[in-house]
Amino acid sequence: MSEWDCEPDVLTYNVMIKLCARVGRKELIVFVVERIIEKGVKVCMTTMHSLVAAYVGFGDLRTAERIVQAMREKRRDLCKVLRECNGQDLKEKEEVEEEEDAFEDDEGLVYTPRDEVIEEGSEDVFKKLLPNSVNPSDEPPLLPKAFAPDSRIYTTLMKGYMKNGRVADTARMLEAMRRQDDKNSHPDEVTYTTVVSAFVKAGLMDRARQVLAEMARMGVPANRITYNVLLKGYCKQLQIDKAEDLLREMAEDAGIEPDVVSYNIIIDGCILIDDSAGALSFFNEMRTRGIAPTKISYTTLMKAFAMSGQPKLANRVFDEMMRDPRVKVDLIAWNMLVEGYCRLGLIEDAKRVVSRMKENGFHPNVATYGSLANGVSLARKPGEALLLWKEIKERCVVKKREESEGDSSTPMLKPDEGLLDMLADICVRAAFFKKALEIIACMEENGIPPNKTKFKKIYVEMHSRMFTSKHASQARVERRMERKRAAEAFKFWLGLPNSYYGSEWKLGPRED
DNA sequence: ATAGGGTTAG
């Protein structure tokens, strides 16, 4: 920046705190603060907010609490506090690593490093921007002045408790804020909404409602977000009637008109109780009231029809979404369309949709393939699973640079457990052992432990008598050699007796 | 495009 004749200001550094937070570089935060002070830039209250938000984002509530506590004590040695926190982290990390070493697996299992993946070159950038992180000063600099905490910073910390399910701490924090002499620390509507969220998360709807009443008493009016949180809570508890009552109340009693989010929540709530008609009726009511559906509204209504076995209706919603100039169809909407057909095992329809989505420039992702695998399984067409696996396999391969330049358009695919397990399951049932082993190898490459017990059970129940027919002709036996070899390899992987060990394995009476 | 609270996918 100096090269361009402009110096970074406090805003620049506040953004840098957020940057460090987003790339998971907790240990660098303190050096940003030190750099601000050393460069003589004025730290502002927002810097403090950014700091607490960053640590809450890391899930490091202990440090967030220590910052707030230091502020309460009017301390200026914030950097010292943060350095101490870094030191503690380092010590604890070492202890954990020692424990892990002690538990070294006898199979020589290699632990994948849990450290954040650092992008190439990013280290140099940080070294340049934060030279003090390479050569820290002996004594960390002091803040030019102390900052008193306000309700915003308390609420940020409270959000940390809420996100971590610490309901009691959330409630205690509210109580403490109410008792503050400083009016700037009193709970506001965001604070109360955070408390409501904590109760909703814990399924404590009555207590959440009490908070709403208290807000009215305290003269801190609830807003639309508060109501939406409550609506979501009732829906999660499958109390759609109560959600509907609240939807009416918020307009009548509080004068807060429901918005598209309110309707999205209640439409999704209807789905939870298998009420696709209710979902449609709320969708229509919303439009009647002049509230424009978003892509989330359309996708949620599609979900209602997909889940209730009405893919044609889902398709009609999709078409309408296509025609609506206010929204853009996205991958999620395409996936919902695919899912609608797959849930009924209508593979051909699903495949047609996938072709169309590809033509429209959307690449299927893990969710798309997951739906397809499920559909293939339901349709009992294991041959389709082979085609599907072929496509997935090609996208799992890490292509070399020269090769990928031609078609850099297809993004890499990281398959997940659900997808691979489903495909392997289909292959084992269909006695496609060679493919099953390929998929299992892929699981292991991706660090997913295959469910060996389950596959063993399927094998024993379905195939243990395979290739034992005495009536097969010699020609037939020879044709099956290849498959038999695959079966033996699969049995070897399962740990069942196999021809590699020269012992034939017989099915005994089952005990379960 | 700086910091607190809410909604969509197998």
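Every chain is numbered from 1 and lettered A, B, ... according to where its sequence line falls, protein lines coming before strand lines. These numbers were taken from a predicted model, which means no experiment stands behind them. Only heavy atoms go into these numbers, but all of them, side chains included; no hydrogens, no water, no symmetry mates.
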When you check the phosphate oxygens OP1 and OP2 of B:dA9, does a side-chain N or O of A:K303 lie under 4.0 Å from one of them?
-> yes
Whole angstrom value for the distance that separates C1' of B:dG4 from CG of A:N164 | 16 Å
Side chain of A:T191 only, please: which of B:dG5, B:dG4, B:dA3 is the nearest?
-> B:dG4
Using a cut-off of strictly less than 4.0 Å between a heavy atom of the residue and any atom of DNA chain B, enumerate the qualifying residues of residues 254-281 of chain A by number.
-> A:D259, A:V261, A:N264, A:I265
Nucleotide B:dG5, atom C1' - distance to CZ of A:R224 in whole Å | 14 Å
More than 12 heavy atoms of other groups within 6.0 Å of A:R316 CZ = no
A:F282 CZ - B:dT7 P separation (whole Å) = 18 Å
Atom CE of A:M286 to atom C1' of B:dT8: distance rounded to whole Å?
-> 13 Å
Residues A:A306 and A:M336: closest non-hydrogen pair is CB-O, 4.0 Å
Roughly how many Å is it from CD1 in A:I153 to C1' in B:dG5, rounded to a whole number?
-> 16 Å
Does the A:N223 side chain pair with the main chain of A:I225, one donor and one acceptor, at a distance under 3.5 Å?
-> yes
Candidates B:dA3, B:dG10, B:dG5 - which lies nearest the side chain of A:R152 = B:dA3
Could you please name the option among B:dG5, B:dG4, B:dT8 that lies closest to any side-chain atom of A:T156?
-> B:dG4
With the side chain of A:T299 defined as its heavy atoms from C-beta on, choose the nearest nucleotide among B:dG10, B:dT8, B:dA3.
-> B:dT8
Quick one: do the A:N284 and A:S281 side chains pair a donor with an acceptor below 3.5 Å?
-> no
Could you check whether A:K295 gets within reach of a base, just the sugar-phosphate, or nothing at all, counting any heavy atom under 4.0 Å?
-> nothing
Does a salt bridge link A:E285 with A:R248, judged by any charged N lying under 4.0 Å from a carboxylate O?
-> yes
Quick one: are A:L82 and A:N86 in side-chain contact, heavy atoms under 4.5 Å?
-> no
Quick one: label A:N223 by what it contacts on the DNA or RNA (base, sugar-phosphate, nothing), any heavy atom closer than 4.0 Å.
-> base
Within this structure, what is the CG-to-P distance between A:L331 and B:dG10, rounded to whole angstrom?
-> 12 Å
Which part of the nucleic acid, if any, lies within reach of A:T46 when heavy atoms closer than 4.0 Å are counted: base, sugar-phosphate only, or nothing?
-> base
Take atom NZ of A:K18 and atom C1' of B:dG4, then tell me their distance rounded to the nearest Å.
-> 13 Å
Residues A:A171 and A:F199: closest non-hydrogen pair is CB-CZ, 4.4 Å
Any salt bridge between A:E175 and A:R172, counting N to O under 4.0 Å?
-> no
Which nucleotide, B:dA9, B:dG5, B:dG4, lies nearest any side-chain atom of A:A367?
-> B:dA9
Between P of B:dT8 and CE of A:M336, the distance in whole Å = 11 Å
Distance only, no hydrogens: is a donor on one side chain within 3.5 Å (strictly under) of an acceptor on the other, for A:S262 and A:D259?
-> yes
Sidechain N-carboxylate O distance under 4.0 Å for A:R395, A:E391 | no
Compare the minimum distances between each of B:dG4, B:dG6, B:dG10 and the side chain of A:I225, then state the nucleotide with the smallest one.
-> B:dG6
Give, ordered by number, those residues of residues 226-242 of chain A having at least one heavy-atom distance below 4.0 Å to an atom of DNA chain B; if nothing qualifies, reply none.
-> A:N228, A:V229, A:K232
